[in-house]
Amino acid sequence: MLHDIVKFCEITKTFQLANQLFKSSTSIGANVREAQNAESTADFIHKFKIAIKEVDETEYWLALCTELYDHTELSALKEQLIEIQKIINKIISTSKKKITS
């Protein structure tokens with residue numbers, strides 16, 4: 001998905017909107033990567049919670065792009081983002097269960 005967003009941002013790179021979309025979407029992966037080196041389960045969950053916030057922000061920017069631009073790949077990007085959101089939410093909920101067990 002990130003590759004597709006980067007490609008879309010290259011197409012629309014003259015717009016500030018693309019810059020915001022680029023920043024939030026790349027931050028998702030950066031936070032997931034940071035979680036892999038978490039110091040504790042709580043830290044791991046915290047990093048994934050930040051990643052899910054970035055997913056929400058990316059979803060917002062994609063919605064704005066959909067309103068402003070007629071790019072067919074936007075709906076595919078949104079579908080991919082929803083899948084990532086589901087995966088991250090599942091990781092968070094599973095990790096929280098480990099803490100309470």
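When reading the values below, keep in mind they use all heavy atoms of this one structure, side chains included, and skip hydrogens, waters and symmetry mates. All of these numbers come straight from a predicted model, not from anything done at the bench.
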Practice prompt. Search all heavy atoms of Ser25 against all heavy atoms of Thr58 and return the closest pair with its distance.
Written response: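 That closest heavy-atom pairing would be N-OG1, 3.2 Å.
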
Worksheet entry | Leu17 reachable from Tyr60 in the ILVMFWY side-chain graph, under 4.5 Å edges |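 Yes, same cluster.
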
Worksheet item: Does one hydrophobic cluster hold both Leu74 and Leu64, with members joined at side-chain heavy-atom distances below 4.5 Å?
Response: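 Yes, same cluster.
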
Acceptor/donor pairs from residues 47-57 side chains to any protein atom, 3.5 angstrom cut, sequence neighbours excluded:
unit_1 : atom_1 : unit_2 : atom_2 : d
Lys47  : NZ     : Asp43  : OD1    : 3.1
Asp56  : OD1    : Gln85  : NE2    : 3.2
Glu57  : OE2    : Trp61  : NE1    : 3.0

Measure the spacing between [atom1] of [X] and [atom2] of [Y] and express it to the nearest 0.5 Å.
X     : Y     : atom1 : atom2 : answer
Phe44 : Gln36 : CZ    : CD    : 8.0 Å
Asn19 : Ser24 : CG    : OG    : 10.0 Å
Lys98 : Ser93 : NZ    : OG    : 11.0 Å
Ile87 : Ile92 : CD1   : CD1   : 12.0 Å

Item to complete: Report yes if the side chains of Val32 and Ile91 come closer than 4.5 Å at any heavy-atom pair, otherwise no.
Response: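 When only atoms from C-beta onward are counted, Ile91 and Val32 do not touch, as no gap falls below 4.5 Å.
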
Worksheet item: Less than 4.5 Å apart, any side-chain heavy atom of Ile45 and any of Ile99?
Response: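 Result yes, sub-4.5 Å side-chain heavy-atom pair found.
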
Item to complete: Could you name each residue pair satisfying salt bridge (charged side-chain N to carboxylate O under 4.0 Å, His left out) that touches residues 83-95, not counting sequence neighbours?
Response: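 For residues 83-95: Glu83-Lys86.
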
